[in-house]
Amino acid sequence: MASVTERKPPGVSFESWIDKQIRLAQERGDFDDLPGSGKPIPAGDVDDELWWVKNYLRRENLPTDSLLPTPLQLRKEIERLPDTISGLPSEQSVRDVVAQLNLQIVAWLRAPSGPRIPVSPVDANEVVATWRQQNRPARKPPVTATPEPGDPPPACRRWWRRKR
């Protein structure tokens, strides 16, 4: 490996010097048993210029949202907020999530980067109201006593006739 880091001697063209370095490395066996050897280089989609970026995101299991500028990422988080809070157990945890998002928004507002897209902090009370609406237990209709089919209907007396 010492020969790889040596400097190009003066008077030698870069092409011949690089070719010599590659040939010597092949003779030493530096390129033997490399991961992926013998496999073709993935070609990707010919029509798509960013095929390698998509492959990288897929390979690293990264969301495509990570490529967006910061204000668009924040707006997407605001749009996904109802889904995010739907599974939270308490009002305090909802307020914590909103506070964390608002911290990110305020940090971007103080030092904006990327395109100028309007983003404003989220109102925690509105989000909590939405969370309450989502987590409201389903109301059961009141249970009324149903008379047996053989029972006579109860006598209906008006309130002004009760004293008689």
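Everything numeric here is computed off the predicted structure, so don't read it as measured data.
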V122 backbone acceptor or donor facing N102 side chain under 3.5 Å: yes

Test item: T130 side-chain N/O and E126 main-chain N/O as donor-acceptor pair under 3.5 Å: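 Yes; judged by distance alone, with no hydrogens or angles, the pair exists.
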
Heavy-atom closest pair, residues [X] and [Y]:
{"X": "I105", "Y": "I78", "answer": "CD1-CD1, 3.8 Å"}
{"X": "I85", "Y": "W131", "answer": "O-CD1, 3.1 Å"}
{"X": "P71", "Y": "S113", "answer": "CD-O, 3.8 Å"}
{"X": "D65", "Y": "Q73", "answer": "O-NE2, 3.1 Å"}
{"X": "N135", "Y": "S86", "answer": "OD1-O, 3.5 Å"}
{"X": "L88", "Y": "S93", "answer": "CB-OG, 3.5 Å"}

Candidate pair N125 and R95, rule side chain to side chain contact (heavy atoms under 4.5 Å, CB included), full reasoning: CA-CA 8 Å; N125 294 330; R95 289 186 184 277; 3.2 Å; yes

Does one hydrophobic cluster hold both [X] and [Y], with members joined at side-chain heavy-atom distances below 4.5 Å?
{"X": "L68", "Y": "W108", "value": "no"}
{"X": "L67", "Y": "W52", "value": "yes"}
{"X": "V106", "Y": "L81", "value": "no"}
{"X": "V98", "Y": "V128", "value": "yes"}
{"X": "L101", "Y": "L103", "value": "no"}

Trace of the side chain to side chain contact (heavy atoms under 4.5 Å, CB included) decision for Q26 with D30: CA-CA 6 Å; Q26 285 175 337; D30 291 346; over 6 Å; no

Atom pair CZ/NZ of R59 and K54 - distance to nearest 0.5 Å: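 So the gap between those two atoms works out to 15.0 Å.
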
Interatomic spacing from OG in S66 to CG in L57 - rounded to 0.5 Å: 5.5 Å

R110 atom CZ, over 12 foreign heavy atoms within 6.0 Å: no

Derivation of the side chain to side chain contact (heavy atoms under 4.5 Å, CB included) call for L24 and K20: CA-CA 6 Å; L24 290 174; K20 178 183 175 189; 4.0 Å; yes

Salt bridge present between R75 and E79 (N-O < 4.0 angstrom):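 Not counted as a salt bridge, because no side-chain N and carboxylate O are separated by less than 4.0 Å.
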
Side-chain donor-acceptor pair present, D96, Q100, cut-off under 3.5 Å: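 The criterion, which ignores hydrogens and geometry beyond distance, is not satisfied for Q100 and D96.
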
